[in-house]
Amino acid sequence: MEKNVAGRSRTLLPRSFFDRDPRQVSPELLGKVIVRKDGRSGRAGRIVEVEAYLGADDGAAHSAAGRTARNQVIFGPPGHAYIYFIYGVYYCLNISCLPEGEAGCLLIRALEPIAGTEEMAEARGLDNADLHSVRGLRSLASGPGKLCEALGITRERDNGKDLLSPRSDLIVADDGYVVSEIGVTPRIGITKSAEMPLRYIAAGNPFVSGKIKMGTR
DNA sequence: TTATAGATTGCCT
DNA sequence: GGCAATCTATAAT
């Protein structure tokens with residue numbers, strides 16, 4: 001048991017949490033915390049946006065065509081990191097679900113930064129970000145590619161890592177925070193099975209990905 | 001404020 | 001060879 005900056009006690013999630021259907025895990029994962037343990041205080045962000053990817057009957061899932069060298073983590077035991085490289089530019093972080101042999105995962109799409117924001121800005125190459133404004137904080141991790149850059153997540157470093165082990169430098173934790181209202185929408189950026197409502201968001205949270213609605217001012 | 005193009009790698013057909 | 005679970009800069013309105 002360790003303490004975060006807000007003084008809330010933080011515990012690792014049990015393996016059984018991810019040993020379920022991704023659609024069941026998704027809404028409960030909102031509000032949990034991703035922690036990168038390096039440097040002095042480490043970096044941490046609260047999960048505010050998640051997408052579920054299924055095994056069969058989901059053409060958008062990387063596991064749709066069966067097990068390959070690239071997607072094997074999705075078929076492995078629950079609670080492990082599946083990282084893929086996209087558009088030749090960014091990495092994306094997923095967490096495997098369901099028991100060994102069954103495909104299913106969650107794409108982490110956005111974080112609300114809660115610790116190590118200066119390190120995150122540095123990792124993102126944002127030297128002049130105003131880390132006291134929502135706008136500046138939002139620029140750190142409001143998207144799957146951005147959050148990986150902010151936390152230094154790469155395929156080489158983190159793919160296959162156990163996110164539920166106290167010895168890992170990348171973990172998912174529960175600090176007791178509860179998301180009050182959960183929204184469900186279709187997933188972003190896919191062409192196959194694009195209509196399925198499998199994107200879960202903390203409704204009203206400004207750190208969810210996408211453009212900010214700016215009224216005229 | 002919205003729209004569009006381009007970057008750039010590795011995986012699968 | 002084609003294309004992908006993204007993001008940013010730049011241009012047009």
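In what follows, chains are A, B, ... by sequence order, proteins preceding strands, each numbered from 1.
Across all strands shown, A:G88 has heavy atoms under 4.0 Å from base atoms, whether or not it also approaches the sugar-phosphate. The residue A:R199 sits apart from the nucleic acid: no heavy atom pair falls under 4.0 Å. As judged by a 4.0 angstrom heavy-atom cut-off over every strand, A:Y87 is placed among the base-contacting residues. Within the 4.0 angstrom heavy-atom criterion, only backbone atoms of the sugar-phosphate kind lie near A:R70; the bases stay farther away.
The nearest whole Å value for the distance from the CD atom in A:E149 to the P atom in B:dA7 is 18 Å. Rounding to whole angstrom units, CD1 of residue A:I86 and C1' of B:dA7 are separated by 13 Å. If you measure from atom NE2 of A:H62 to atom P of B:dC11, you get 11 Å, rounded to the nearest angstrom. Atom pair A:E156:CD and B:dT9:C1' shows a separation of 11 Å (rounding to whole Å applied). The OH-C1' distance, from A:Y82 to B:dG10, rounds to 11 Å in whole Å. For A:I74 and B:dC11, the CD1 to P distance is 13 Å, given to the nearest whole Å.
Judged by the 6.0 Å distance and 45° axis criteria, A:R46 is positioned over the aromatic ring of A:Y177. Cation-pi geometry between A:R70 and A:Y82 is not met: the NZ or CZ atom fails to fall both under 6.0 Å from the ring centre and inside 45° of the normal.
A donor-acceptor pair is defined here as one N or O able to donate and one able to accept, closer than 3.5 Å; no such pair exists between the side chain of A:S142 and the backbone of A:F207. Not one N or O on the side chain of A:S168 forms a donor-acceptor pair closer than 3.5 Å with the backbone of A:I171. A donor-acceptor pair under 3.5 Å is absent between the side-chain atoms of A:K146 and the main chain of A:R124, judged by distance alone.
Checking the phosphate oxygens (OP1, OP2) of B:dC11, a side-chain nitrogen or oxygen of A:R155 falls inside 4.0 Å. The side chain of A:T68 places an N or O atom within less than 4.0 Å of a non-bridging phosphate oxygen (OP1 or OP2) of B:dC12.
Between A:H62 and A:Y53, the gap from one ring centroid to the other reaches at least 6.0 Å.
Remark on DNA chain C: of its neighbouring residues A:K192 and A:G143, the 5'-side contact belongs to A:K192, judged by nearest-heavy-atom nucleotide. Of the residues near DNA chain C, A:A61 and A:L126, the one whose nearest nucleotide (by heavy atom distance) lies more toward the 5' end is A:A61. Residue-to-nucleotide proximity on DNA chain B shows that, of A:V89 and A:A65, the 5′-proximal contact is made by A:V89.
When the options A:V50, A:D21, A:V184 are evaluated for a side-chain contact (heavy atoms from CB on, under 4.5 Å) with A:S26, the one that passes is A:V50. Between A:P78 and the options A:R15, A:E102, A:R20, A:E100, a side-chain contact (heavy atoms from CB on, under 4.5 Å) holds for only A:R15.
Taking atom C1' in both C:dT8 and B:dG10, one finds a spacing of 22 Å when rounded to whole Å. For the P atoms, the distance linking C:dA5 with B:dA3 amounts to 22 Å, nearest Å.
Counting non-hydrogen atoms of neighbouring residues, nucleotides and ligands closer than 6.0 angstrom, the CD atom of A:E122 reaches no more than 12 such neighbours.
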Completion exercise
For DNA chain C, the expected dot-bracket line (Watson-Crick or G-U under 3.5 Å, [ ] crossing, | inter-strand) is ||||.|||||||.

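Taking a heavy-atom distance under 4.0 Å as the criterion, the stretch of DNA chain C touched by chain A extends 5' to 3' from C:dA4 to C:dT8.
Connection of A:I153 to A:V35 is not established within any shared hydrophobic cluster, with ILVMFWY side chains joined at heavy-atom distances below 4.5 Å, either directly or through further cluster members.
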